[in-house]
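Below is one structure; the comments refer to it alone.
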Amino acid sequence: MKKLYIETYGCQMNVADTEVIFSLLGKHGYERTEDISEADVIMANTCSVRDNAEQRILGRIEVFNQQKKARPEVLVGILGCMAERLKEELLQTGKVDIVAGPDAYRSLPLLLQNAAPGQPQINVQLSREETYADISPVRIDRNGVSAFISIMRGCNNVCSYCVVPYTRGAERSRDYHSIVREACECFEGGYKEITLLGQNVDSYSYGDCNFAGLLRMVAEALPGLRIRFSTSNPQDISDEVLEVMSSHDNICRHIHLPVQSGSDRILEKMRRRYTREWYLQRVAAIRRYMPDCAITTDVIAGFCSETEEDHKDTLSIFEEVGFDAAFMFYYSERPGTLAARKFPDDVPQEVKNRRLEEIIALQNRLSLESNRRDVGKSFRVLVEGPSKRNPSELCGRAGNNKMCIWPDTAHKAGDFVDVEVLDCTQATLFCRLKG
Ligand code: SAH
Ligand code: SF4
Ligand code: F3S
């Protein structure tokens, strides 16, 4: 057996893909190692979504090449979104032996077979059909209790700032039979939670099955499994999905609903296909069906032409919704996107930073307020393991995705326990076990 080492960057989709890659290469004589110094093949599954994500990978390529200096037969591979975006450019560095895009992983055994130092191999062909539906992923154990299942690939939206449609190609949905089968395998393998993944899960469509249908199918086939999903696009999230969520206890009360901006002018420039009003109306619908549903978001500060007024609209929509948590970024121009071609990246970096800091400060307060509202409430929590701070405490997430910590030496990872919230910080709920 040869030894394969993979570092995974970017979104959950990449984690799921790395698991597919371990499975594909496992059948061709490669076993996983977590020790880079014994690896025959060193790979990074990469992200292009922001410039700093790419800079980080370029740094890792240097580190991988130090391994090559000591052991010249080692092969270095770049996989995923950055492979797809930069293509041959990566080979021209002379530091990479294999470049494979997100739809080219079935060709990895062949690429590896043909590659040798000085003889690089590349496959960045995108596909309209590939979903790796027949591959049973080899789980990279994050905690042994929660697994990712990708239900679709690619994206058909063209948000003007976003590189994903270029790196991942056209949207396609995976056969629901294979999704339910994989969920069953997870459950039989001891997993207690799955997250269904897609760039826009509400546009899932296979035969006559939409996302609401898929969610119902999985929830009913596996009542003992806790189900999450990501990402919901505000333009597409349907009442039917909310109805299915509210009528199944094993679907977690959490929706990740990226808002990106609170300004209609900016949303239009971003080519997001909703308005502030529409977004707020979807939030109201979520709360009508599930008053206890957590809502989290993504936001971009300092998009092209964003004024102080637009920025204030973003702050005010945060305030109005009262998000439970958020991923917050400043705009990073991505070559080849519509925004890069049409709009100057004209908000100065200091202004982007300052606006981002204001959003973060506001969200910190909103997260704390949201957690304070949970003090006194009880939650069923899936135990992930010992807390980092204290080995006599356990940690795990409530259905609303909040991290809970409580003193406990009786339970273990994978157990469901009922806890009551006693206190909180902006990041954590401090709890006690309920008798
Ligand atoms: N499909 C998901 C988003 C995937 S990318 C959706 O539509 O919501 C994850 C997040 O990265 C986005 O929600 C956005 O907030 C951020 N992002 C994407 N492109 C970016 C860019 N060019 N600069 C800064 N942040 C960006
Ligand atoms: Fe990017 Fe928009 Fe697609 Fe999300 S929906 S991946 S932000 S193009
Ligand atoms: Fe990054 Fe590609 Fe995911 S660009 S966010 S790894 S889809």
Side-chain angles (χ1 to χ4, degrees), residues 7-18 44-57 78-86 101-103 124 126 148 150-172 197-204 229-237 255-262 266-267 269-274 279 282 295-304 306 314 318 323 325-341 343 345 347 349 352-353 355-356 359 363:
E7 289 181 6
T8 306
Y9 297 87
C11 61
Q12 298 170 332
M13 208 80 77
N14 264 8
V15 175
D17 280 1
T18 294
N45 193 0
T46 62
C47 176
S48 287
V49 81
R50 283 169 290 276
D51 183 59
N52 52 18
E54 290 199 345
Q55 293 308 324
R56 205 161 144 217
I57 310 283
I78 296 298
L79 315 174
C81 290
M82 206 172 153
E84 193 62 49
R85 194 179 84 75
L86 293 174
D103 289 342
V124 287
L126 286 172
F148 295 135
S150 107
I151 63 165
M152 54 210 291
R153 302 182 70 83
C155 182
N156 277 358
N157 291 312
V158 270
C159 304
S160 63
Y161 51 81
C162 183
V163 77
V164 172
Y166 304 90
T167 63
R168 295 224 156 220
E171 180 186 285
R172 68 224 92 126
L197 298 178
Q199 294 298 349
N200 181 2
V201 289
D202 291 279
S203 69
Y204 176 88
F229 57 86
S230 186
T231 302
S232 303
N233 201 306
Q235 86 222 358
D236 292 323
I237 186 166
I255 296 179
H256 187 61
L257 196 68
V259 66
Q260 314 300 3
S261 168
I266 294 295
L267 285 171
K269 242 181 139 99
M270 287 178 161
R271 298 239 171 164
R272 298 290 281 183
R273 291 180 291 129
Y274 53 88
Y279 188 91
R282 294 324 298 159
I295 302 176
T296 58
T297 203
D298 293 347
V299 68
I300 300 175
F303 184 65
C304 312
E306 187 188 72
T314 295
F318 267 61
F323 292 114
F327 295 111
M328 298 159 279
F329 314 101
Y330 63 74
Y331 174 59
S332 164
E333 185 177 84
R334 308 313 296 133
T337 57
L338 202 67
R341 282 179 276 136
F343 314 132
D345 179 11
V347 177
Q349 189 61 47
K352 288 181 182 174
N353 292 344
R355 288 181 187 165
L356 178 60
I359 298 171
Q363 184 55 46

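Here, residue 1 is the first one in the sequence, and each next residue gets the next number. Both counts, for ligands and for their atoms, begin at 1 and track the order of listing.
Taking all atoms of both residues into account, the shortest heavy-atom contact from Y330 to R50 is O-CD, 4.5 Å. When all heavy atoms of Y166 and L338 are compared, the closest pair comes out as OH-N, 4.0 Å. Q260 and Y161 get closest at one heavy-atom pair: NE2-OH, 3.3 Å. Between Y204 and M152 the shortest heavy-atom distance is N-CE, 3.8 Å. Between R168 and C81, the closest heavy-atom pair is NE-SG, 3.5 Å.
Under the 3.5 Å distance criterion, with hydrogens and angles disregarded, a donor-acceptor pair is assigned to the side chains of T8 and T18. Counted by atom type alone, E306 and Y331 present zero donor-acceptor pairs between their side chains at under 3.5 Å.
Sorted by chain and number, the protein atoms of type N, O or S within less than 2.8 Å of atom 2 (Fe) of ligand 3 are C81 SG.
In this structure a side-chain-to-backbone donor-acceptor pair under 3.5 Å is missing from T231 to N200. Judged by distance alone, with hydrogens and angles left aside, the side-chain atoms of R153 form a donor-acceptor pair with the main-chain N or O of P102 at under 3.5 Å. No donor-acceptor pair closer than 3.5 Å links the side chain of S230 to the backbone N or O of L197. Listed for the D236 side chain is no donor-acceptor partner under 3.5 Å among the backbone atoms of S203.
Partners of Y274 under the ring pair (Phe, Tyr, Trp, His ring centres under 6.0 Å) rule, at least two apart in sequence or in another chain, do not exist in this structure.
Enumerated by chain and number, the residues approaching ligand 1 to less than 4.0 Å through a heavy atom are V49, R50, Y161, Q199, T231, N233, P258, Q260, R272, D298, I300, F329, Y330, Y331, S332, R334.
The structure places CG of N233 at 7.5 Å from SG of C155, a figure rounded to the nearest 0.5 Å.
Of all protein atoms, those that are N, O or S and lie under 2.8 Å from atom 2 (Fe) of ligand 2 total 1.
Near Q199, meaning under 4.0 Å from one of its heavy atoms, ligand 3 places the atoms 7 (S).
In this structure, the side chains of Q363 and V299 stay at 4.5 Å or more apart for every pair of heavy atoms.
For the ligand labelled ligand 3, residue Q12 lies outside the 4.0 Å heavy-atom shell.
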